[in-house]
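Here the structure comes first, spelled out in structure tokens, and everything after it is commentary.
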Amino acid sequence: MAKHATPLLDQLESGPWPSFVSDIKQEAEVRAKNEKGVEYQIPVDVCDDLLGVLELSFKHGRTHWKHGGIVGVFGYGGGVIGRYCDQPEMFPGVAHFHTIRISQPAGKYYNTKFLNQLCDLWDFRGSGLTNMHGSTGDVVLIGTQTPQLEEIFYELTHNMGQDLGGSGSNLRTPSDCIGSSRCEYACYDTQNLCHTLTMEYQDELHRPAFPYKFKFKFDGCPNGCVASIARSDMSFIGTWRDDIRVDQEAVAGYVGGELVPNGGAHASRDWGAFDIQEEIIDLCPTGCMRYEGGKLEINNRECTRCMHCINAMPRALRIGLDRGCSILVGAKAPILDGAQMGSLLVPFVKVEEPYDEIKEVIEAIWDWWMEEAKNRERLGELIKRQGFQKMLKACNIEPVIQHVQEPRHNPYIFWNEDEVEGGWDRDVNEFRKHHLR
Amino acid sequence: MAFVSSGYNPDKPMEDRITDIGPKHFEEFYPPVIKKNKGQWLYHEILQPGVLVHVSETGDKVYTVRVGGARLMTVTHIREISEIADKHCDGFLRFTSRNNIEFMVDSEDKVRPLIEDLESRKFAGGSFKFPVGGTGAGITNIVHTQGWIHCHTPATDASGPVKAAMDVLFDDFKQMRLPAQCRVSLACCLNMCGAVHCSDIAILGYHRKPPMMDHEYLDKMCEIPLAISACPTAALKPTKVEFEGKTLNSIAIKNERCMFCGNCYTMCPSMPLADTEGDGIVLMVGGKVSNRISAPKFSKVVVAFIPNEAPRWPSTTAAISKIVEAYSADANKYERVGEWAERIGWERFFDKCELEFTHHLIDDFRDPAYYTWRQTTQFKF
């Protein structure tokens, strides 16, 4: 018999998609039975109370969670988010219900030994509820109490060799796409860069010293599977600067219908025979391709590497060999000044260990942002407030045409004095000799 | 429930303390076939919805079976995932950025038993535990935020509407009939923990009532200047109020300037704005993050408000369904929702999706607004 009646939530148990309600109920039951004899360190009925409070929110159409207090582990300013229920007497099991962020491994690969260890720990010292994963990328452990925080941290670090993730005004846990580990489009090893920078900047990740949050994300190619261009202050997107590699035989294979276009991604509908002119040549955004006499030609100098032809004919076309990444900066979600997409700062940099060139850009950006930004001002907002040029100067990067979509729409150029011959100090009397008052 | 120590000594917190060790090294978690062939992959193919094969220069192949999952999952569920990975995949698996789970095997004969095992598992309530799908030109898992399960600022729930929407969109998770992939995301408030602002279809929780001032507690709970400076539209100012014979410092709000972002509430718990009738859902469409063919785009607001209809949000899911069907019927192959809307014109988009255009949908927020008004005589009747 469930502790709280949940007639509204129960309606989310039917339907084909995995039901989180069924899952939480299953956990509530496992805890109640406790067949393994776990000495639960937080209330056994925590899952029942979570369902109870959620049911109340479904009834009220309002959340029943309060702001976090200052909770955390000694020496870190992030990784734990305090959370308290605003109906603690009705739902004592979740009265204190803090979140712990666990820095996920790059690429989100796991072995079951690690996952089971994490489950054992979270069973024992927490609610047994998680997010696999949070939006930023961390494993999120939802719901424990203050006395457990240091204990969990101790066990994580001592028994599992695992650290917390970021929260607050610090470097948030970086995340990456699957990269070259299982994708032929990856222009660099996203996992290695993600992990290396995560390790390099542990201090920035754990001890909030920034004006606001700061995110890194690593996309191996312009397809952008981790959405870095939309949601990271610094977005590292793989690209190349030589030629797309063409296998003319495979092109013929696609044209002849022996190979399935788009890796089979359109298989559930009959779109008719593959038409290279219509589906590839005509859709190329720069018109830099042609197909004549059974041969595909690409004018690579005009290619902007949008990935369409490669995505559509993966066995015939491959990314170039002179690879690296573009760095874009300033993306963020809407709050407060509207959404911003990342803006191109570094058109191309080689991605080679020990990544010194990349670190130089990161550190120059941080120096500028930490010096100039207001409290809770994201990098993108600072760039807008002070102007793109200020950032270029701070990073010691020369302006290039690639930085803009098009040149400015107005002539209101903020000339520097040293750019204007003779400077700005002039003698008005000298001027008046030729121009009477 | 006796307290069990981990070994941590609260009197000597620095004793044996281990810090700054970061995440586990990713290589520990690579399945052998991934470790061996990293950087050598030649091409991939989707064999059926949810099943991919990647072929390496070495001749090796890795078969991936992708399954959907609620991102909110329990340790019992994770243990079951581990059990499946132990049984079929030598104890390895991975998660995707859209909360799917990927089971990988190194030969084709292992694929069928894995799929059969996954598809046979159901929750007590009847839903699938591990539906196979989410690849190619279809709808994959909805990325989302915490909602009422764990957050203090939401204007809608997250897991609930996502479950309801995925039930409605389930066929498109299981197949690849759409013109291109269609990415659906949900954020339960304007903070948008997640990239819903660049999604083909975005479900966004939104408040519509200005905060209430809890004058009695405000000055005790909050840094008034911080709360005031958090307001993007300068709707807040310091004030003094009379309360039970005392003069208290507090905050006054100019309601007509409020954009309902809740940023003040984040800074000050004494200014709650959640409301049963006020809160609900905004639908946005046409965003993307990929650079394929056209540049990444922001999503645009096409439905200004839908009430929260717990537990299954039927008006929201019906509107989404209508958009997906209109897109499926009308867009060209490879066209994302936003590219389709731009080609046919937003006039036609509203017709085809049977959406009403109201004044709420004309941008009036700062500079970018101007660039969304029509500055040409080219339009469709």
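Chain letters run A, B, ... following the sequence lines, proteins first, then strands; residues in each count from 1.
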Next on the checklist: Over 60° means perpendicular and under 30° means parallel, so tell me whether A/His206 and A/Tyr76 are parallel, tilted or perpendicular.
Outcome noted: parallel

Checklist entry - By a 4.5 Å heavy-atom criterion (distance strictly below it), what part of A/Glu55 contacts chain B: side chain, backbone, both, or neither? => result neither

Checklist outcome for this item: With chain A, the option among B/Asn291, B/Thr74, B/Val67 that has the most non-hydrogen atom pairs under 4.5 Å is B/Thr74

Item to check | Contacting region of A/Thr99 [heavy-atom separation from chain B under 4.5 Å] | outcome: both

Item to check | Lys/Arg-Asp/Glu bridge criterion (N-O < 4.0 Å) met for B/Asp171, B/Arg177 | outcome: no

Item to check | chain A contact via B/Glu309 - which portion, at a heavy-atom distance below 4.5 Å | outcome: neither

Checklist outcome for this item: From the list B/Glu83, B/Arg183, B/Met267, B/His144, the residue making the most non-hydrogen contacts under 4.5 Å with chain A is B/Met267

Checklist entry - Are A/Arg83 and B/His152 linked by a side-chain donor-acceptor pair shorter than 3.5 Å? => result yes

Checklist entry - Less than 4.0 Å between a side-chain N and a carboxylate O, is that true for B/Arg17 and A/Glu150? => result yes

Checklist outcome for this item: Per-residue tally against chain A (heavy atom, under 4.5 Å) across B/Met176, B/Met104, B/Met166 peaks at B/Met176

Item to check | Residue B/Leu178 versus chain A: region with a heavy atom under 4.5 Å | outcome: backbone

Checklist outcome for this item: Honestly, the part of A/Met341 sitting under 4.5 Å from a heavy atom of chain B is both

Next on the checklist: Less than 3.5 Å apart, any donor N or O on the side chain of A/Asn262 or A/Glu279 sitting next to an acceptor on the other?
Outcome noted: no

Next on the checklist: Before you tell me yes or no, could you show the steps for B/Lys288 and B/Ser199 under side chain to side chain contact (heavy atoms under 4.5 Å, CB included), namely the whole-Å CA-CA distance, both residues' side-chain angles and the distance that decides it to 0.1 Å?
Outcome noted: CA-CA 5 Å; B/Lys288 69 197 263 285; B/Ser199 306; over 6 Å; no

Checklist outcome for this item: When the 4.5 angstrom heavy-atom criterion is applied to A/Asn192 and chain B, the contacting part is both

Next on the checklist: Check A/Asp120 with A/Arg125, please: is the shortest side-chain N to carboxylate O separation under 4.0 Å?
Outcome noted: no

Checklist entry - Rounded to the nearest 0.5 Å, how far apart are CZ of A/Arg31 and CG of A/Asp123? => result 6.5 Å

Checklist entry - Checking B/Phe365 against chain A: side chain, backbone, both or neither under 4.5 Å from a heavy atom? => result side chain

Item to check | Heavy-atom contact with chain B under 4.5 Å, split by part of A/Leu283 | outcome: both

Checklist entry - At a heavy-atom separation under 4.5 Å, does A/Arg318 approach chain B through its side chain, its backbone, both, or neither? => result side chain

Checklist entry - Non-hydrogen atoms of chain A under 4.5 Å away: do they reach the side chain of B/Arg366, the backbone, both or neither? => result side chain

Next on the checklist: I need the B/Ile18 CD1 to A/Gln162 CD distance, nearest 0.5 Å.
Outcome noted: 12.0 Å

Item to check | OG1-CG distance between A/Thr130 and B/Leu72, expressed to the nearest 0.5 angstrom | outcome: 7.0 Å

Checklist entry - For B/Ser294, is it the side chain, the backbone, both, or neither that has a heavy atom closer than 4.5 Å to a heavy atom of chain A? => result neither

Checklist entry - Using non-hydrogen atoms only, which part of A/Ile178 is less than 4.5 Å away from chain B: side chain, backbone, both, or neither? => result both

Checklist entry - Which atoms of B/Pro311 come close to chain A, meaning under 4.5 Å heavy atom to heavy atom: side chain ones, backbone ones, both, or neither? => result both

Checklist entry - What part of A/Gln340 gets closer than 4.5 Å to chain B, counting heavy atoms only: side chain, backbone, both or neither? => result backbone

Next on the checklist: Counting only non-hydrogen atoms closer than 4.5 Å, does A/Ala331 touch chain B with its backbone (N, CA, C, O), its side chain (CB onward), both, or neither?
Outcome noted: neither

Next on the checklist: Does any backbone or side-chain atom of A/Leu12 lie under 4.5 Å from a heavy atom of chain B? Answer side chain, backbone, both or neither.
Outcome noted: both

Item to check | Region of B/Tyr265 in contact with chain A, defined by heavy-atom distances below 4.5 Å | outcome: both

Next on the checklist: Tell me which of these, B/Gly69, B/Cys188, B/Ala2, B/Ser159, has more heavy-atom pairs under 4.5 Å with chain A than the rest.
Outcome noted: B/Ser159

Item to check | Engaged part of B/Val4 at the chain A interface, taking heavy atoms whose separation is under 4.5 Å | outcome: both

Checklist entry - By a 4.5 Å heavy-atom criterion (distance strictly below it), what part of B/Pro368 contacts chain A: side chain, backbone, both, or neither? => result neither

Next on the checklist: Salt bridge or not between B/Arg312 and B/Asp167? Use side-chain N to carboxylate O under 4.0 Å.
Outcome noted: yes

Checklist outcome for this item: Cut-off 4.5 Å, heavy atoms of chain A, and the answer for B/Asp90 is neither

Next on the checklist: Would you say the rings of B/His25 and B/Tyr30 are close, in the sense that their centroids are separated by under 6.0 Å?
Outcome noted: no

Item to check | Residue A/Thr198 versus chain B: region with a heavy atom under 4.5 Å | outcome: side chain

Next on the checklist: B/Phe173 vs A/Trp17, test: side chain to side chain contact (heavy atoms under 4.5 Å, CB included). Steps then yes/no.
Outcome noted: CA-CA 10 Å; B/Phe173 178 81; A/Trp17 188 251; 3.8 Å; yes

Item to check | Parallel, tilted or perpendicular, as decided by the 30° and 60° cut-offs, for the rings of A/Tyr110 and A/His133 | outcome: parallel

Next on the checklist: Taking every non-hydrogen pair under 4.5 Å, which of B/Ile34, B/Asp86, B/Leu190, B/Val33 racks up the most with chain A?
Outcome noted: B/Ile34

Next on the checklist: Less than 4.5 Å to any heavy atom of chain A: does that hold for the side chain of B/Asp157, its backbone, both, or neither?
Outcome noted: side chain

Next on the checklist: Counting heavy-atom pairs under 4.5 Å with chain B, which one of A/Glu39, A/His195, A/Met307, A/Met199 comes out on top?
Outcome noted: A/His195

Checklist entry - Given that the side chain runs from C-beta out, which part of B/Thr276 has a heavy atom under 4.5 Å from chain A: side chain, backbone, both or neither? => result both

Checklist entry - With only heavy atoms counted, which part of B/Phe95 is less than 4.5 Å from chain A, the side chain, the backbone, both or neither? => result both

Checklist outcome for this item: Honestly, the part of B/Pro272 sitting under 4.5 Å from a heavy atom of chain A is neither

Checklist outcome for this item: When the 4.5 angstrom heavy-atom criterion is applied to A/Gln104 and chain B, the contacting part is backbone

Checklist entry - For chain A, which of B/Gln175, B/Lys174, B/Glu27 has the most heavy-atom pairs under 4.5 Å? => result B/Gln175

Next on the checklist: Any carboxylate oxygen within less than 4.0 angstrom of a Lys/Arg side-chain nitrogen, looking at B/Glu102 and A/Lys108?
Outcome noted: no

Checklist entry - Between B/Lys333 and A/Glu278, is the closest basic N to carboxylate O distance under 4.0 Å? => result no

Checklist entry - What part of A/Cys183 gets closer than 4.5 Å to chain B, counting heavy atoms only: side chain, backbone, both or neither? => result backbone

Checklist entry - Run the side chain to side chain contact (heavy atoms under 4.5 Å, CB included) check on B/Asn37 and B/His54 step by step: do they pass? => result CA-CA 10 Å; B/Asn37 293 287; B/His54 286 80; over 6 Å; no

Item to check | Verdict with reasoning, B/Ser127 to B/Lys163, per side chain to side chain contact (heavy atoms under 4.5 Å, CB included) | outcome: CA-CA 10 Å; B/Ser127 63; B/Lys163 158 71 176 154; 4.0 Å; yes

Next on the checklist: Test of understanding: with ring-ring contact (aromatic ring centres under 6.0 Å, His included), list the residues that count as partners of A/His308, not counting sequence neighbours.
Outcome noted: B/Tyr334

Checklist entry - chain B heavy atoms under 4.5 Å from A/Lys332: which part of the residue, side chain, backbone, both or neither? => result backbone

